[in-house]
Structure formats: structure tokens, C-alpha cells
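Each remark here refers to the structure printed beneath this line.
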Amino acid sequence: MTMATTAPRLEFRHIGKTFPGVRALGDVGFSVRAGSVHGLLGENGAGKSTMMKILGGEYIPDEGEVAIDGEVMHFRKAADAIAAGVAVIHQELQYVPELSVMENLLLGRLPTRFGLVDRRAALKWTRERLDALGVDLDPRARLKSLSIGQRQMVEIVKAILRDAKILALDEPTSSLSHRETEVLFRLVNDLRAQGKAMIYISHRLDEIFELCDAATIFRDGRKVADFDTLEGVTRDTLVQRMVGRDIGDIFGYKPREQGEVRLAVKGVTGRAVQQPVSFEVRAGEIVGFFGLVGAGRSEIMRVVYGADRRLGGDVTVDGRAVKASHIRDAIRSGLVFCPEDRKEDGIIGVRSVSENINISARRNHLTAGLFVNDRNEARTADTYIERLRIRTPHRKQEIRLLSGGNQQKAVLSRWLAEKDLRVLIVDEPTRGIDVGAKNEIYNVLYELAARGVAVVMISSELPEVLGVADRVITMCRGRITAQFNRGEANEENVLAAALPEGASATPMRNA
Amino acid sequence: MTETNAAAIGATRETQADRRRALLWHIVDDYSLILIFIVLFAVLSFTVEYFFSWDNVVGLALSVSQIGMVACTMMFCLASRDFDLSVGSTVAFAGVMCAIVANASGSVVLGIAASLVAGAVIGAINGVVIAKLKINALITTLATMEIVRGLAFITSHGQAVGVTSEAFFTLGALELFGLPVPVWVTVACFVVFGVLLNKTIYGRNTLAIGGNPDAARLAGVAVDRTRIAIFLIQGVVAALAGIILASRMTSGQPNAGEGFELNVISACVLGGVSLMGGRASISGVLVGVLIMGTVQNAMSLMNIDAFYQYLVRGAILLIAVLVDQLKNRRQSR
Amino acid sequence: MTETNAAAIGATRETQADRRRALLWHIVDDYSLILIFIVLFAVLSFTVEYFFSWDNVVGLALSVSQIGMVACTMMFCLASRDFDLSVGSTVAFAGVMCAIVANASGSVVLGIAASLVAGAVIGAINGVVIAKLKINALITTLATMEIVRGLAFITSHGQAVGVTSEAFFTLGALELFGLPVPVWVTVACFVVFGVLLNKTIYGRNTLAIGGNPDAARLAGVAVDRTRIAIFLIQGVVAALAGIILASRMTSGQPNAGEGFELNVISACVLGGVSLMGGRASISGVLVGVLIMGTVQNAMSLMNIDAFYQYLVRGAILLIAVLVDQLKNRRQSR
Amino acid sequence: FAADDPVKIGFVVKQPEEPWFQDEWKYAEQAAKEKGFTLVKIAAPDGGQVLTAIDNLKAQHAQGFVICTPDVKLGPSIVAKAKMNRLKLMTVDDRLVDGSGKPIEAVPHMGISASKIGEQVGQAIADEMKKRGWKPEETGALRISYDQLPTAKDRTDGAITALTAAGFPKANVVNAPQAKTDTENAFNAANIAITQNPKYKHWVAFGLNDEAVLGAVRAAEGRGFRADNMIGVGIGGSKSALNEFAKAEPTGFFGSVLISPKRHGYETSVDMYEWIKNDKAPPPLTLTTGRLVTKANAGEVRKEMGL
Ligand SMILES: Nc1ncnc2c1ncn2[C@@H]1O[C@H](COP(=O)(O)OP(=O)(O)OP(=O)(O)O)[C@@H](O)[C@H]1O
Ligand SMILES: Nc1ncnc2c1ncn2[C@@H]1O[C@H](COP(=O)(O)OP(=O)(O)OP(=O)(O)O)[C@@H](O)[C@H]1O
Ligand SMILES: [Mg+2]
Ligand SMILES: [Mg+2]
């Protein structure tokens with residue numbers, strides 16, 4: 001390793017951390033310079049978030065130490081890290097839903113006057129800072145009334161407003177729209193100019209290339225590579241170091257035969273879907289739904305699935321009508337749905353990986369029509385753990401202890417285990433998923449499609465939609481605005497169709 | 001960047017009229033419980049004889065004064081997603097303690113001080129066990145409820161402990177500006193804890209902890225310390241309620257306050273305090289306490305059979321929460 | 001750019017010994033409460049006279065039989081993140097109901113049937129209000145607790161209702177293979193609900209709902225229906241407990257079962273059932289019930305002063321949960 | 001039972017927290033010390049726990065027990081259980097009844113019936129009223145009721161019986177139900193009852209125990225009915241009553257009907273001991289009487305009763 005010109009602001013030395021049955025980190029060390037953005041890459045479960053939690057004082061490492069400006073730190077709780085000038089934006093958003101944006105931003109350090117909270121000063125300060133950062137948020141809005149993206153933005157601003165000298169961002173863009181991402185990038189660049197040391201974790205390699213000065217790659221809780229600069233480093237090198245094999249084209253699109261119409265949605269409306277929505281998906285077809293955050297894609301799919309009340313319209317699978325607002329009827333018809341909010345709607349945290357995988361499919365494997373077939377369930381769980389490479393010590397691990405990406409794979413497995421799968425709707429299936437696993441998930445989608453399953457994929461990542469889908473449907477403000485067959489679709493026309501009229505159609509890099 | 005995010009997302013789907021209507025609803029929602037109470041009070045005033053008389057109103061206020069005091073601190077406890085079943089026992093123990101110490105030392109002030117300290121210690125123990133040892137609040141306070149009740153019986157030998165000093169009785173019987181001292185103390189509690197909840201870091205942190213303990217901790221909020229403080233203060237206020245009760249009854253009674261904890265918690269929940277933490281309002285709690293007291297008072301005035309009173313109490317509880325629920329449902333639509 | 005030794009990555013991270021040790025801990029953890037109970041039982045057997053005798057063990061079993069039955073269903077209730085305070089009242093009402101109907105109709109079977117139906121109705125009302133109207137379970141069942149207790153008093157005019165039929169008494173007094181019928185019924189409950197919890201979709205869904213109701217619903221679990229079923233079954237089992245209690249006492253008593261709900265919930269929590277839902281084990285609940293009963297029994301045998309029994313009960317509760325907590329702490333360190 | 005086996009006697013009571021039962025236990029303990037037997041004190045606040053207590057006694061090889069049951073209707077099951085466990089059975093305070101409500105004569109009993117003691121209370125109030133020269137029609141009677149508890153109902157009904165027999169108009173009896181049996185709830189109940197009936201110049205009060213009456217007295221004080229306009233008579237002669245008598249000024253708490261816990265606790269356990277040891281069956285029925293204690297005679301009476 002060539003010596004850095006400036007002494008590192010932040011240094012991890014021989015960090016080790018073990019959870020029961022999992023060695024999350026072993027002898028890992030790297031350093032981050034002031035005025036630089038350091039990318040942290042690795043597969044799901046590689047230990048990135050664990051490292052950040054150590055930095056944030058949430059976990060105490062079993063071995064090794066963290067040093068700031070050469071001085072060894074002993075963080076025992078989050079407040080210690082904050083006091084030392086560290087701000088961490090955690091992968092799992094940590095906000096208080098009932099409190100206002102202002103109070104969330106100033107959590108733990110509200111200004112007071114004569115012992116009482118000085119709300120006016122706080123409001124003024126918050127407004128000024130938000131304006132200065134160019135972030136449009138109402139300081140008085142309650143967090144629970146904001147979209148996920150806006151909440152994420154609050155988290156980011158909260159960390160930035162701490163004026164910390166070290167800032168770690170753990171997958172901050174996973175639920176941000178293009179536009180919010182732009183804001184974030186601008187903020188990060190400003191902070192770099194101010195001389196902050198930053199760690200940036202993302203599974204989106206473009207972001208790493210765009211933003212980072214240096215990078216470290218983790219695999220299986222160890223460091224496998226350090227890049228002092230990303231000049232001249234290719235995407236394939238990074239992927240290869242991360243995954244340990246060559247992936248080539250990550251999308252690896254495979255054309256396939258398409259059959260009859262499987263899923264037909266006609267004039268469906270719901271509480272959050274005011275204008276009727278109609279579309280069709282054929283057997284073997286993968287349809288990508290693209291739109292900006294808030295375009296209403298999740299809403300419409302939730303209504304189709306029955307998770308939200310359907311107020312009008314018909315949904316048919318292979319010509320058979322699916323009962324409105326009745327999830328179990330949808331599942332019986334072979335129509336299933338993977339929600340976007342994994343933690344709230346996807347996993348059952350305190351139950352095991354196996355339970356999470358078998359929760360629905362087990363009804364088909366009952367002994368004597370009554371008793372759960374444990375052996376069969378174990379087999380099913382192990383099959384998918386292996387097939388999707390779910391990183392877990394064993395199938396009985398509580399799923400909340402898995403890394404985010406691995407939780408996502410388990411939720412997907414739940415539906416893959418369905419006997420008679422006909423329509424699969426996945427909402428942001430690769431959110432927070434590593435490159436290797438993305439590739440695996442795409443392959444699973446292709447495989448399903450090849451078996452004749454109709455696949456609907458909601459995604460906010462344009463390259464993914466373009467790379468995987470046979471057909472792209474764009475949505476904007478709760479309406480379908482356009483359709484493109486594969487080949488016709490490109491960045492410009494898809495984005496233009498997804499943007500509300502009046503907004504500029506060019507990708508915005510105008511900061 | 002020139003464009004706001006909201007504009008880009010196109011989220012501003014509401015018109016001016018929409019917004020005004022929303023605001024109106026917002027006000028109705030915020031004060032719905034108060035409205036319910038006002039209507040209830042008005043109806044009872046017209047239909048129930050003697051209900052709307054100064055004597056009765058004072059009696060009503062007196063009857064909810066202990067519950068009211070403790071409801072203020074229970075609000076904090078619930079808002080931080082905790083739970084305290086030990087308050088009833090603390091009320092009893094504090095009364096006994098105060099009487100014993102006052103008798104032994106001949107000083108009422110010393111008795112009161114000892115009793116407040118005892119309350120603080122009980123509260124602190126609850127808090128430390130719950131916050132530091134991370135034991136479920138329900139179980140912890142169920143255990144201290146038993147233990148403290150046991151202490152009340154043991155110290156008093158199961159007998160009411162009479163206080164000899166006259167000064168002590170006046171505390172409970174004295175009237176200031178037409179209202180008895182216990183009512184004033186309760187009013188003071190509502191004011192103090194209302195300010196604490198809304199205007200101080202302590203209150204805001206309490207709500208943050210209840211709303212998302214992890215977020216609070218990661219933001220550097222002293223979660224453990226705040227939780228301990230909440231229980232400690234609750235212990236002190238429960239002890240205060242016990243002292244006042246003892247002075248009203250002119251003796252410390254070891255079996256006082258049985259079932260008190262559930263009444264207090266009911267009042268809070270009735271007042272819109274969420275058991276899932278993070279949501280509380282002092283006006284809500286006040287109204288919750290008043291509704292509970294008013295219903296009980298009116299039932300007695302109407303000579304409703306004791307057995308049927310169970311039905312009415314249950315039904316009122318259900319209806320009040322149901323109304324509140326309907327409001328929330330509309331809100332989150 | 002530097003690289004660490006890539007070969008190291010491929011190596012399995014855990015050794016065989018590690019894994020074995022982890023497994024051992026896993027077993028100790030799973031059975032820690034059972035171990036605690038065995039140690040407690042052994043110590044008491046050696047130190048407390050008469051404790052380890054058949055008579056006493058049968059007496060102990062009989063004393064926890066009602067709590068045991070209802071703890072089985074309460075386990076489901078807590079596991080699904082719900083709460084039921086109405087069981088004590090249901091026990092009383094069911095006993096009264098059974099006695100009244102049996103007397104009126106002259107048929108014990110009819111009395112039992114009516115009482116079970118009443119239990120089912122109470123449970124179903126709880127379930128529907130909680131699941132469909134989405135009212136907090138604590139408040140709902142607090143309300144039904146009051147209402148049902150009121151009904152028990154009203155139907156019985158506040159008096160115990162004696163049953164005249166001999167057949168009824170034998171239910172509570174008969175012994176089969178050396179154990180009284182109520183104990184057998186409790187054993188049957190543990191077996192049935194153990195199987196239901198671990199081996200059926202109903203049980204697994206209950207745990208899933210407790211773990212994350214939203215996710216469970218999206219995974220196709222009939223959340224509302226399951227929750228209603230849980231309360232309904234709980235109502236039936238509480239009624240069964242009430243009938244058996246009435247037959248043991250040869251009368252239906254309207255004030256039976258006060259404080260019963262907290263005992264049942266304590267036993268469950270002691271048995272490792274999480275109040276946050278999603279976690280429950282039948283063996284844990286069994287041990288929880290037994291620990292509670294054993295401690296009470298031993299205290300009576302040791303002639304511990306009634307006032308000090310409060311202290312012991314509280315302390316035991318705390319200690320048992322604390323030990324369990326320490327175990328969890330090690331696990332999640 | 002061999003003559004030289006150690007004698008062990010159970011003493012089961014329904015409300016261990018009540019001073020009355022504490023005293024009963026205390027005097028039973030005294031008997032145990034004097035006679036040299038073992039006393040097992042068990043609390044059984046409800047029917048289920050009564051049965052558990054009897055099992056428990058059998059397990060520890062007691063030969064008999066004295067019980068004050070939480071509900072007299074438990075009679076048949078207590079008798080059956082005692083027989084099954086081969087335990088001698090005696091009742092104290094409350095007499096067991098069978099399914100049809102008749103007292104079970106076969107079980108020796110010592111006590112005073114709940115309604116009898118209530119009648120004494122009523123009589124005491126009536127006498128005092130006469131002495132003070134109150135007009136019955138100007139006087140209201142507060143019945144602090146807790147009808148959920150059968151004993152409580154019997155006691156207060158007894159008081160009404162005696163009052164009306166002495167010429168008190170039944171219409172002037174005001175029911176004030178307390179939600180729990182503590183002083184505060186009695187206070188609230190009484191307070192409301194007084195509000196409802198502004199027409200009365202004087203009040204009398206009675207209830208389940210001293211604590212209930214104490215609540216009524218405090219409420220009346222708050223409304224201006226002091227010692228000369230209030231006659232409260234409690235039951236039990238407990239510390240709550242004595243505290244009132246100890247005050248420098250008389251209060252509305254006029255008196256309390258005291259039953260001797262010493263007789264009940266001491267004599268029943270000695271009787272049981274004799275029954276076990278020497279097979280000398282106790283008298284089938286011993287009725288004790290209560291005595292009215294007032295501020296004037298409290299010390300005296302208590303001394304007389306050996307308290
Ligand atoms: N509290 C815990 N208990 C047990 N295992 C844990 C715990 N936290 C993390 N792990 C495990 O440690 C490993 C590293 O997890 P970590 O969250 O750091 O991964 P990551 O690199 O952030 O992955 P992702 O990209 O999916 O977020 C995973 O195998 C995870 O299952
Ligand atoms: N929890 C919430 N509370 C209130 N409004 C919300 C919430 N979540 C989303 N919304 C609003 O609902 C609308 C659509 O939501 P959503 O963001 O899920 O759409 P989408 O097209 O699925 O976008 P994406 O999947 O990219 O997030 C937006 O107006 C958004 O602001
Ligand atoms: Mg991570
Ligand atoms: Mg969405």
C-alpha cells in the first residue's frame with residue numbers, strides 16, 4: 001500500500017466482530033482521508049453495515065480499534081461517537097414517525113431558552129439550514145406523513161446538520177428518486193469540499209464511480225481489496241473482487257417465448273389510485289414498471305394483489321377473476337406480490353428464515369391435511385438458501401439478524417416456493433441488493449418467465465428496467481403514460497414519459 | 001437546484017379548499033375528545049339532578065384528584081412505550097410511610113419528605129430494572145406492585161396508621177379560592193407536566209423514545225437516563241398522591257389504591273395516549289380523567305345499581321376508544 | 001492497491017468445536033427455564049417438609065389447573081401481540097351461567113354447553129372488536145372484563161349459585177389414574193395447544209402475526225380470522241376453567257377469578273412468551289405455570305406470613321425473568 | 001391419629017389483609033404456643049384457593065382446620081373436601097350453608113352472623129339518634145354498600161333492619177355503593193349521596209367495616225357535617241376506628257361494633273386442638289356478641305376483651 005499523502009482522518013485497525021454463529025468481521029482495517037469519499041463495497045452480508053455500526057458506537061468490536069486523527073477511540077454508545085464528530089446514516093432508517101421533521105433533525109439537541117424548548121429558534125434554524133442545503137421539506141410535517149424517499153432525505157440531512165467531521169452513509173440512495181439522489185450527490189460534493197471524511201456504501205456501482213475517491217471491498221467479513229483511487233479501475237474489476245467471479249453483463253437478458261395473456265388488469269381503482277388503470281402481462285413476459293417515486297406504481301400493484309381495497313375494475317389471471325381485496329384468493333390464483341418495504345411489509349423479523357420462506361407454501365404440504373410438515377419445510381428452506389445464496393448460519397436464524405439483501409432473497413423465496421406460480425409482482429426487488437445477487441435474482445426472474453410465469457417488476461432504476469424487462473410501462477401521477485417494447489425503450493424516452501409534464505425531460509445534472 | 005422536490009414529484013394534488021377542509025378536520029380531530037366531554041357534561045347537566053352544582057363539581061374534582069396526578073406521569077410512562085402497574089401500591093405505601101414517620105418524629109414535614117423519598121426510590125428501582133436490566137416493564141412493575149404492597153402491609157401491620165398531628169389533616173381538607181388543596185395540586189400537576197411534555201427536552205425526548213427507541217439512542221438521546229427519570233418522577237408523584245390521600249382520610253391505609261393503576265392507565269388511553277408509545281397530549285389525559293370521573297359520578301347520582309355500573313363503565317370505555325379510533329382511521333386514510 | 005490473501009476467504013469461518021459449543025448453549029438456552037424449575041423443585045423437595053409428597057404434588061397440580069388451562073390460550077393471545085384481561089371475569093361468569101342453566105334445566109350437560117357458548121361469544125366479541133374495529137386489545141378486554149363481571153353479578157344477584165346435581169360435583173372431584181379430572185383437563189390442554197402451536201398452520205400463523213401483522217397479511221395469512229379465532233378459543237377455554245372451578249366449589253361464584261388474568265399473563269411471560277409477540281413455547285408456559293404454583297405452594301407449606309408472601313411473589317417473578325433475560329442478552333450480544 | 005403425634009391445625013381466612021383476620025391469626029398463634037401445637041395460617045380469598053388450601057393442609061399432615069370462608073355457599077364443597085382429606089372442620093365468623101341456603105349444622109361454628117352484627121350497628125345508631133334527639137325525617141342514613149361481597153350485603157341489610165325496627169323511615173336510607181372496599185371509594189360514594197340529598201340535616205352512616213364508615217365520615221366533614229351532625233358506626237373496632245377515637249376532638253365516627261378476635265381466634269383453635277388431641281368435640285354452635293366501642297369506652301372495652 002502506498003502511503004497516503006495526508007494522514008488518515010479515520011482509521012479502522014484489525015476490527016473483528018462475531019455474532020452467535022456468524023463471524024461478521026475478521027481483522028479488517030482501512031483508512032479514510034479528510035476531504036475524500038471512501039466507497040465501501042461488498043456482497044450482502046459482507047459486513048459493511050456492521051462496520052458502520054461499530055463506527056457509530058452501536059456495536060463494540062470484539063477485536064481491533066477505531067482511530068480518529070490517529071487517536072484511538074473507545075465508543076461504548078452512540079452518544080460517544082456523536083461527541084467525537086461521527087455521524088452515521090444507518091441502512092435501516094432511524095426516525096421517529098410521530099415527531100416533526102424539525103424535531104427529528106434536532107433529535108437529542110433541541111435548543112432551549114430558560115430550560116424550555118425554543119421552538120421558534122429551532123424552526124428558524126431548521127428552515128435556514130434546509131434552504132441552504134437546497135432541500136425542500138416542511139420542517140413541521142410529521143415524518144410519518146412523508147414518503148419513504150423524503151424520510152430518507154430527512155435522515156441524510158440530520159446527519160449532515162450535525163456538522164460532524166466524519167460522515168458515513170449506508171446505502172442512502174436505496175429509496176431515493178433520481179432527483180433526490182441528485183440533491184444528495186451535490187450535498188456530498190459540498191461536504192467533500194469542506195474537508196469532511198466520508199464513507200459511502202452502495203450497491204450501485206455508477207454511484208461509486210461518480211462519487212468516490214477511494215474504495216474498499218469486503219467479502220465474507222474480510223477485506224479483499226483496497227483502491228486508493230478509482231482512476232482506471234473498471235467496473236468489472238470491482239465486481240470480480242466483490243463476488244469472486246466474473247459476471248459479465250449483469251442483466252444477462254435472455255429472450256424467451258411469450259404465451260397468452262396471463263394477467264389482465266382492467267380499469268382498476270383504489271383509494272390511492274383514482275384514475276382507472278389497465279394493463280396486461282403475457283405468460284413468459286417480464287414487464288418493467290418505471291416511474292418516479294410517488295408515481296403510484298406500488299399503490300396500483302397493492303390494489304391488484306388485494307393488499308389495499310380495490311374500489312373498481314377487474315383483475316383476471318388466466319381468465320379467472322381474482323376476488324377484490326382478497327389476498328388469499330390472489331395467492332390461490334397464483335398471483336403473488338413482493339412488497340417494497342421489506343422491514344414493514346416483508347419479513348417477520350423474530351421468526352426464522354425457514355418460517356419466513358414457508359409461511360405461504362406450507363398449506364400445500366400438510367400431513368393429514370392438518371399438521372405442518374417440518375421435514376418438507378426444512379428441505380424447501382435449504383433449497384432456496386442454497387439457490388439464492390442466502391447468507392445465514394442456518395435456516396433457524398431469526399431473519400431480522402440477516403443483512404438486508406439476504407432478507408430480500410428470503411422474501412422472494414417465499415413466492416418461489418409456491419407450487420402453482422402464475423403471476424409474480426416484485427416491487428423494487430433489487431433494492432439494497434449486491435451486484436452478484438442482483439444477477440441471481442434476474443436469473444430467477446428469467447427462469448420463472450421461461451416457465452411461463454408472468455412477471456411484473458417495479459423498479460426505480462432505469463438501467464435495470466431497460467436491461468431486464470421485455471416491455472416497459474411508465475407511470476406518472478397515478479396514471480400509465482406510455483409503453484415501450486424492448487428495443488424501443490431507451491433512457492430518454494422512458495424518462496420523458498415518466499416525468500410529469502412541464503418538468504425537464506433531460507436527466508438532471510443541473511446542480 | 002431551482003426546482004423543489006415536491007414540484008418534481010407532483011405531490012401537491014390538493015386545492016385550497018381541500019386544504020381548508022383538512023385544517024378544519026384537523027382541529028375537530030385534535031379536540032374531538034374534548035368535544036365529546038363537553039357534550040357529555042352538558043347532557044348530564046340537563047338530565048341528571050344535582051350534577052351541575054358546585055358541590056358536585058368539587059366532589060367530582062376531588063374524586064379524580066389522585067388519578068389525575070398520577071395520570072400526568074403515567075402519560076410520560078406510556079408515551080415512552082413503558083408501563084407502570086406499581087403506582088397503586090406506591091400510593092398505599094407512601095400514605096402508610098408518611099403516617100408512620102410523622103408519628104414517630106412528630107414532624108409532618110419529615111413524614112412527607114420520607115414518603116416522597118420512598119416513592120422516588122421505588123420509581124428509581126423500577127426504572128433501573130427496566131432500562132438497565134432490560135426487563136419487560138409489565139413484569140417488573142407487576143413484581144414491584146406486589147413487593148411494595150407487601151411493604152405497606154408489613155410496615156403498618158395491616159392496620160390503618162392514624163396521624164395525630166392536626167397540621168396533616170388540613171392538607172387534605174383546606175380550601176383555597178373555593179377549591180380543596182388536593183384539586184389544586186392536581187391542577188398544578190397538569191400544568192407542570194403539560195409544560196414538561198411540550199416545552200422541554202425531557203418531554204420531547206420521552207416522545208422520541210416512545211416513537212422509536214433506537215432512533216433516539218442513535219441520535220445521542222440519553223435513553224436509559226430518561227426512562228429512569230420517568231419512573232422516578234412517577235414514583236414521587238404517586239407518593240404525593242398517597243400522602244394527599246392519607247391526609248384526606250387522616251390515616252395511612254395499607255389497602256388503599258387497589259386497582260388504581262388500571263384506572264390511571266385507562267384514563268390515559270381514553271385520553272389518546274398510545275400504548276405503542278410516541279403519542280400523548282396533556283389535554284387528552286385531562287379529558288380522559290374527567291370522563292372517567294364524570295361517568296362514575298353520574299352513575300352514582302342516577303342511583304345506577306352497583307352491578308350495572310360495571311356494564312356502563314365497560315361500555316363507556318369501549319365507546320370512547322372507538323370514537324377516537326374512527327377519528328384516527330379517517331386521519332390515516 | 002493491496003490485496004489480502006484470498007485463500008483465507010474460502011476457509012470456513014467456524015471450527016467444529018465452535019459449532020458444538022454453540023449447539024450446547026442453544027440447548028441450555030432453550031431449556032434454561034426448565035432447568036431453573038427443576039433446581040427449584042429439587043431444592044424445595046429437600047428443604048421444605050411435605051413438599052415432595054404425592055398429596056402435595058397433586059394439590060399443587062390442582063391449584064394451578066385453572067391457570068394452566070387458560071395460560072395455554074393466553075400464550076396464543078400474547079404470541080399474536082394481543083392481550084386479554086377478560087379471562088378472570090369469564091371464568092366467574094361461566095361458572096355462574098353453568099350453575100344457573102343447570103339448575104333451571106336440570107341438566108348439567110346443558111349448563112356446561114350454555115356456559116361454553118357464552119365463553120365463545122365473549123371471546124368472539126373481544127376478537128371482532130380488536131381485529132375488525134382495530135381497538136387496542138388492552139382497552140377492549142379491560143372493558144369486557146368489567147362488562148362480563150357485571151353480567152356475572154347481575155345474573156347471580158351477587159350471590160353464589162349452588163348447583164344441586166350430584167353429577168356436577170364429580171366433574172371436579174373425580175380421580176382418574178390417581179389424578180383429579182381438572183388436572184387431566186389441564187394436561188389435555190397443554191398437549192392440544194402445544195400441538196396447535198407447533199404443528200399447525202394456525203399456530204405458525206399466530207406467531208407470524210405476532211411477529212409482524214402487516215407482513216403476515218401480505219404473505220396471505222388470514223390475520224383477522226386468526227385473531228378472532230384466538231380470542232374465541234380463549235373464551236371457550238376460560239369458560240371451561242370456570243365450569244371446572246364451579247364444579248370443584250359446587251357453586252358458581254360471581255366474584256371468582258379476580259386477578260386471575262394477571263396471574264395467567266405472569267405465568268406466560270415467566271414462560272418466555274414475549275409481550276412483543278412472535279415468540280412462545282408451550283414448555284415454557286408449562287414451566288411458568290408450575291413455577292408460579294410451586295412458589296405459592298411452598299410458601300403455604302413454610303407458613304410464610306401473608307404479608308411477606310407479597311415480597312416473595314414479587315421477588316420470584318423478577319428473578320425468573322431476570323435469569324431469562326440474561327440468557328437472551330448473551331444470545332444477542 | 002396417634003395420641004402422641006404432633007398436632008397441626010390450619011387456620012384459613014378469606015381476607016388476610018384485614019386487621020380482623022390478622023388479629024384472629026395472632027390469637028390463634030397464642031393458643032398454639034400455649035398448647036404446643038403447630039398452626040398453619042393460609043389465606044384463601046376465593047373459592048379456588050380455599051380448595052387449594054385444604055389440599056395443602058392435607059399434604060402437610062394437618063389433622064384439622066378452622067376456616068372463615070370467602071363465601072358461605074362453598075359449604076358443601078368444603079365439607080366434602082375436608083372429609084376426603086380426613087381433616088376435622090370448624091368454621092369461624094361465617095357459617096357454611098348448603099345448596100338450599102340452610103346452615104350446615106354438622107360443622108361446629110363459632111361466630112356472629114353478618115346480619116346480627118349489622119343489626120347491632122343499626123341499634124347503636126338508633127340509640128344514639130334518640131339520645132341526641134334527632135328527628136328521623138330530618139336524618140339521612142348512608143348505606144355504604146358493596147353488594148358484590150355477600151357478607152357486606154348481609155351486614156348493611158342487618159343495620160337497615162334494626163334501624164327501621166327502631167322507627168327510622170326506610171325511605172331515608174341512601175344507598176352509596178363503593179367501587180372498591182377502601183376508604184377513598186367510600187368517600188366518593190358518600191360524597192355523591194350527600195350531594196343528592198341536600199334535604200337532610202343530620203346523617204348517620206354504616207357499612208361493611210370501619211374503613212367504609214371512615215370514608216363516609218370524612219366526606220360528611222367536607223360537606224360541613226361534623227361530630228354533632230353525624231353518627232357513623234363501623235364494624236370491627238379496628239385501628240381505623242381507634243385512630244378516630246384517639247383524636248382530641250370527637251369526630252363523626254361515633255363508634256364501632258367490636259367483635260373479639262381473641263375469642264374467635266383463640267377459642268376456635270383451642271377447641272380444634274382438644275377435638276384432635278382428646279377427641280372432645282367442640283360445641284356445635286357458639287354465638288358471640290359484638291360490643292359497641294365509642295370514644296368514651298374504647299380503652300376499657302378492649303382491656304376487658306383482652307386485646
Ligand atoms: N445482531 C446480529 N446478530 C447476528 N448476526 C448478525 C447481526 N447483525 C449482523 N449479522 C450478520 O453479520 C453479517 C454482516 O452483516 P451486515 O449487515 O454488516 O452486512 P452488509 O454488508 O451490510 O450487507 P447488506 O449489503 O445486505 O446490507 C451478516 O451475515 C449478518 O447476518
Ligand atoms: N407512508 C406514506 N404516508 C403518506 N403518503 C405516502 C406514504 N408512502 C407514500 N406516500 C405517497 O403516496 C404516493 C405514491 O407512493 P409511492 O412512493 O409508494 O409510489 P411508487 O410509484 O410506488 O414509488 P416508489 O415505488 O418508487 O416509492 C406518493 O404521493 C407518496 O408521497
Ligand atoms: Mg448493510
Ligand atoms: Mg413504491
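Within every chain, numbering begins at 1; the chains are lettered A, B, ... in the order of the sequence lines, protein sequences first and strands thereafter.
The contact between D/D23 and chain B is made entirely by side chain atoms (from C-beta outward), counting heavy-atom distances below 4.5 Å. Neither the backbone nor the side chain of D/E221 comes within contact range of chain B; no heavy atoms are under 4.5 Å apart. With a 4.5 angstrom heavy-atom cutoff, D/N188 touches chain B only via side-chain atoms. Contact of B/L245 with chain D is made through the side chain alone, with heavy-atom distances under 4.5 Å. Proximity to chain D (any heavy atom under 4.5 Å) is shown, for B/R149, by neither the backbone nor the side chain. Contacts of B/V58 with chain D are absent, with no heavy-atom separation under 4.5 Å from either backbone or side chain. Only the side chain of D/L214 comes within contact range of chain B, with at least one heavy atom under 4.5 Å from a heavy atom of that chain. Looking at B/E175, neither its backbone nor its side chain comes within 4.5 Å of chain D, counting heavy atoms on both sides. Interface remark: B/S251 contributes side-chain atoms only to the contact with chain D (heavy atom separation under 4.5 Å). Heavy atoms of B/Q253 lying under 4.5 Å from chain D belong exclusively to its side chain.
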**OP:** Run the numbers on B/S156 and D/K239 for side-chain hydrogen bond (donor to acceptor under 3.5 Å, both in side chains), then give the verdict.
**Re:** CA-CA 10 Å; B/S156 66; D/K239 208 66 199 290; over 6 Å; no
**OP:** Tell me, with the steps shown, if B/M249 and D/D182 meet side-chain contact (heavy atoms from CB on, under 4.5 Å).
**Re:** CA-CA 11 Å; B/M249 303 303 151; D/D182 62 5; over 6 Å; no
Subject >> Worked check of side-chain contact (heavy atoms from CB on, under 4.5 Å) between B/S63 and D/N191 >> reply: CA-CA 9 Å; B/S63 75; D/N191 203 10; over 6 Å; no
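Put simply, NE2 on B/H157 and CD on D/Q22 are 10.0 Å apart, with the number rounded to the nearest 0.5 Å. Here the CZ atom belonging to B/F51 is positioned 10.0 Å from the CD1 atom belonging to D/I192, to the nearest 0.5 angstrom. D/K180 NZ to B/N255 CG: the interatomic distance, rounded to the nearest 0.5 Å, is 12.0 Å. One distance of note links CG of B/D55 with OG1 of D/T195; it measures 5.5 Å at 0.5 Å rounding. Taking CZ from B/F260 and CD from D/E184, the interatomic distance works out to 7.0 Å, rounded to the nearest 0.5 Å.
Nearest heavy-atom pair across D/Q196 and B/S300 is NE2-O, 3.5 Å. When all heavy atoms of B/F307 and D/D147 are compared, the closest pair comes out as CZ-O, 3.7 Å.
Comparing D/T181, D/D210, D/N243 by heavy-atom pairs within less than 4.5 Å of chain B, the highest count is held by D/N243. Your options are D/P198, D/A193, D/A179, and the one with the most heavy-atom pairs under 4.5 Å with chain B is D/P198. Contact tally against chain D (heavy-atom pairs below 4.5 Å) for B/N297, B/D305, B/L301: the top residue is B/L301. Between chain D and the residues B/I304, B/T250, B/N303, B/N56, the most heavy-atom pairs under 4.5 angstrom are made by B/T250. Each of B/A160, B/S53, B/G158 has some count of heavy-atom pairs under 4.5 Å with chain D, and the biggest count is that of B/A160.
Among pairs with a residue in residues 89-112 of chain B, those fulfilling side-chain hydrogen bond (donor to acceptor under 3.5 Å, both in side chains) read B/N103-B/T164, at least two apart in sequence or across chains.
Within a 6.0 Å radius of NZ in D/K33, no more than 12 heavy atoms belonging to other residues, nucleotides or ligands are found.
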